[in-house]
Student: 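There's a structure below that I have some questions on.
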Amino acid sequence: MIPPTAALRSPLHRISAHHSVPPRTSSRLGRRTPSPASSKRVPPSIPARLRSAPSRTLSTGATTTSPSNLTCQVAASFSPKQKPYEPAAMSFNFNPYNRVKIEGNSHGAGNGSAVGGVRSYEERKKARPDTGQDAFFVSRIGGSGGVAMGVADGVGGYSHYGIDSADFSHTLCENMALLAHNSTKPGGELHPRTLLHNGYQQLLEGDEVRGGASTACVGTVRPDGVLMVANLGDSGFLILRHGKVHYFSTPQTHAFNTPYQLSVVPTEVLDQSRLFGGDFLCDLPKDAQVTSHNLENGDVVVFATDGVWDNLFPSQVLQIVCQEMLEAGGWALGPPNNNNTNTTTFSSSTATTPHSPKSGEQDGTGLQSIIAKAIAGKAKSASLNRHVDGPFAKEVRRVLPGEEFRGGKRDDICVVVGVVVRAV
């Protein structure tokens, strides 16, 4: 058994991307003390009134009311780090009008469902999509016309204790998907931090998940185009507008490679860790940073786990999206501006009727699916590249001078893409 402090301080011994990367840690000295050892699970509960917690909501974009009748076309793509990327098999295309199937299904490739039912661990493991410890969800928000989406990344450090954090991240996402689908909030008024709070609360109250931890980046889009995001940890999102990065979220970390995380710690694991003088991180949904954004026709929103952000810079994601949007006719080059560079405009209603030869017209997918697959594919290639340093490698050398970490970072990859179009 590896003590929590050893897991935190273990150095990076890696020359190339073919070597393994130490998992992100879940424990840290000096962190808030969890519940007494007599309790079954920690934390035992989340405050019932989440709104009463002090928080700050950031806002971007215009302060005027967002235009109405906007829709967000959503797709996802993913790749576990142990397997090669197979775009056709490792993608999900969201259809808000499909009947949500609860029993025996999960949000996987080729399935219109966005949630799964309560099952045993083996049943859950077999039914969930092949995303590794990453997870995602997409769901309509009741009958409001809004949509909820998000990603979660299970913390690998729990594997030292024989705990599968994938069970935690997938169950959390399934809880949030079902809650969003059953929401009765008028006008899609579902706060993402409330959704995260309730999904986590359900996980704590149930006995299905033995333990684990996960980051989470959860967003809700109202029909009037208002996007609200609650981001906890080092998953994140960006908004692309007019061929530029309009917004990019900031990761939340306690220390290098130690992100904010929701957790469930079994009593026996907690007792073992206390023998070494440490405890586990137990962040709460109220710790998530909440931002609000007024989306516009033609915006592209990208939610992704750190398997993407550790291997691709925001500028690289922008380049990928620009290429696909221009090829499909989603964006069009406008006249040069004062800096003698071309501007971009958006051709509306192309998210579901793209014109690119590879647009997926035959399999019923849209532009959002093309973009999701392109980002996942590029991130996968970068993670296996031993010669080109990505964001993670550069951060390692900045934080830990002398460490010989080169190339990309092998990790699970999960990306959810939304293309905003005006409803016709």
Student: Looking at V209 and T171, what are the two nearest heavy atoms and their distance?
Tutor: CG2-OG1, 3.5 Å

Student: With rounding to the nearest 0.5 Å, note down the distance linking CG in L295 to CZ in R222.
Tutor: 10.5 Å

Student: Give a yes or no answer on whether the side chain of S263 reaches the backbone of L281 with a donor-acceptor pair at less than 3.5 Å.
Tutor: yes

Student: Hey, does the side chain of S383 reach the backbone of K380 with a donor-acceptor pair shorter than 3.5 angstrom?
Tutor: yes

Student: Would you mind checking if K81 and D310 are paired as a salt bridge, meaning a charged N to carboxylate O distance below 4.0 Å?
Tutor: no

Student: Would you compute the distance between atom OG of S369 and atom CD of E324 and round it to the nearest 0.5 angstrom?
Tutor: 10.5 Å

Student: Going by atom types only, do Q201 and E205 share a side-chain donor-acceptor pair under 3.5 Å?
Tutor: yes

Student: Please report the interatomic distance CG(L238) to CG(L318), rounded to the nearest 0.5 Å.
Tutor: 8.5 Å

Student: For the residue pair S91 and K373, what are the closest heavy atoms and their distance?
Tutor: OG-CE, 3.2 Å

Student: Starting at OG1 of T258, measure out to CD of Q252 and round the result to the nearest 0.5 Å.
Tutor: 13.5 Å

Student: Using 4.0 Å as the upper bound for N to carboxylate O, is an ion pair formed by D299 and R241?
Tutor: yes

Student: Is Q73 close to V417 at the side-chain level, that is, under 4.5 Å between some pair of heavy atoms?
Tutor: no

Student: Please determine which of V226, L70, D224, L227 meets the side chain to side chain contact (heavy atoms under 4.5 Å, CB included) test together with N294.
Tutor: V226

Student: Below 4.0 angstrom, N of the basic side chain to O of the carboxylate: do K83 and D130 qualify?
Tutor: yes

Student: Looking at side-chain heavy atoms only, is the closest gap between D411 and D306 below 4.5 Å?
Tutor: yes

Student: Could you tell me the separation between the CZ atom of F137 and the CE atom of M176, rounded to the nearest 0.5 Å?
Tutor: 4.5 Å

Student: Evaluate the side-chain proximity of H191 to M228: yes if any heavy-atom separation is below 4.5 Å, no if none is.
Tutor: yes

Student: For F392, does the six-membered ring have the charged nitrogen or CZ of K409 within the cation-pi criterion, i.e. under 6.0 angstrom from the centroid and within 45° of the normal?
Tutor: yes

Student: Side-chain donor-acceptor pair under 3.5 Å between R406 and H387, yes or no?
Tutor: no

Student: Is the shortest heavy-atom distance from the side chain of L312 to the side chain of K378 under 4.5 Å?
Tutor: yes

Student: Any side-chain heavy atom of V420 sitting closer than 4.5 Å to one from T71?
Tutor: no

Student: What heavy-atom pair brings A216 and L172 nearest, and what distance separates the two atoms?
Tutor: CB-CD2, 4.4 Å

Student: So I413 and F78, do their side chains get closer than 4.5 Å, heavy atoms only?
Tutor: no

Student: Mind checking what makes ring-ring contact (aromatic ring centres under 6.0 Å, His included) contact with F237, not counting sequence neighbours?
Tutor: Y247, H293, F303

Student: Which pair of non-hydrogen atoms, one from T220 and one from A148, has the smallest distance, and what is that distance?
Tutor: CG2-CB, 4.1 Å

Student: For S77 and Y85, does a side-chain donor sit closer than 3.5 Å to a side-chain acceptor?
Tutor: yes

Student: Where the side chain of T253 meets the backbone of P259, is there a donor-acceptor pair that is under 3.5 Å apart?
Tutor: no

Student: Salt bridge or not between R210 and D164? Use side-chain N to carboxylate O under 4.0 Å.
Tutor: no

Student: Classify the side-chain pair D153/T215 by whether it contains a donor and acceptor separated by less than 3.5 Å.
Tutor: no

Student: Before giving the answer on side chain to side chain donor-acceptor pair (under 3.5 Å), spell out for H170 and D134 the whole-Å C-alpha distance, their side-chain angles and the decisive distance to 0.1 Å.
Tutor: CA-CA 8 Å; H170 282 272; D134 287 358; over 6 Å; no

Student: Using modelled atom types and a 3.5 Å cut-off, is there a donor and acceptor pairing between side-chain atoms of D283 and backbone atoms of D287?
Tutor: no

Student: Over all heavy atoms of both residues, which pair between D412 and P80 is shortest? Give the atoms and the distance, please.
Tutor: OD1-CA, 3.4 Å

Student: Of all the heavy-atom pairs spanning N311 and P391, show the shortest one and how long it is.
Tutor: C-CD, 3.5 Å

Student: Kindly state whether the ring of F136 and the ring of F92 have centres lying under 6.0 angstrom apart.
Tutor: yes

Student: Quick one: pull up NE2 in H242 and CH2 in W331 and give me the separation to the nearest 0.5 Å.
Tutor: 9.0 Å

Student: Holding to side-chain contact (heavy atoms from CB on, under 4.5 Å), I want the full list of residues that pass it with V388, two or more places apart in sequence or in another chain.
Tutor: N385

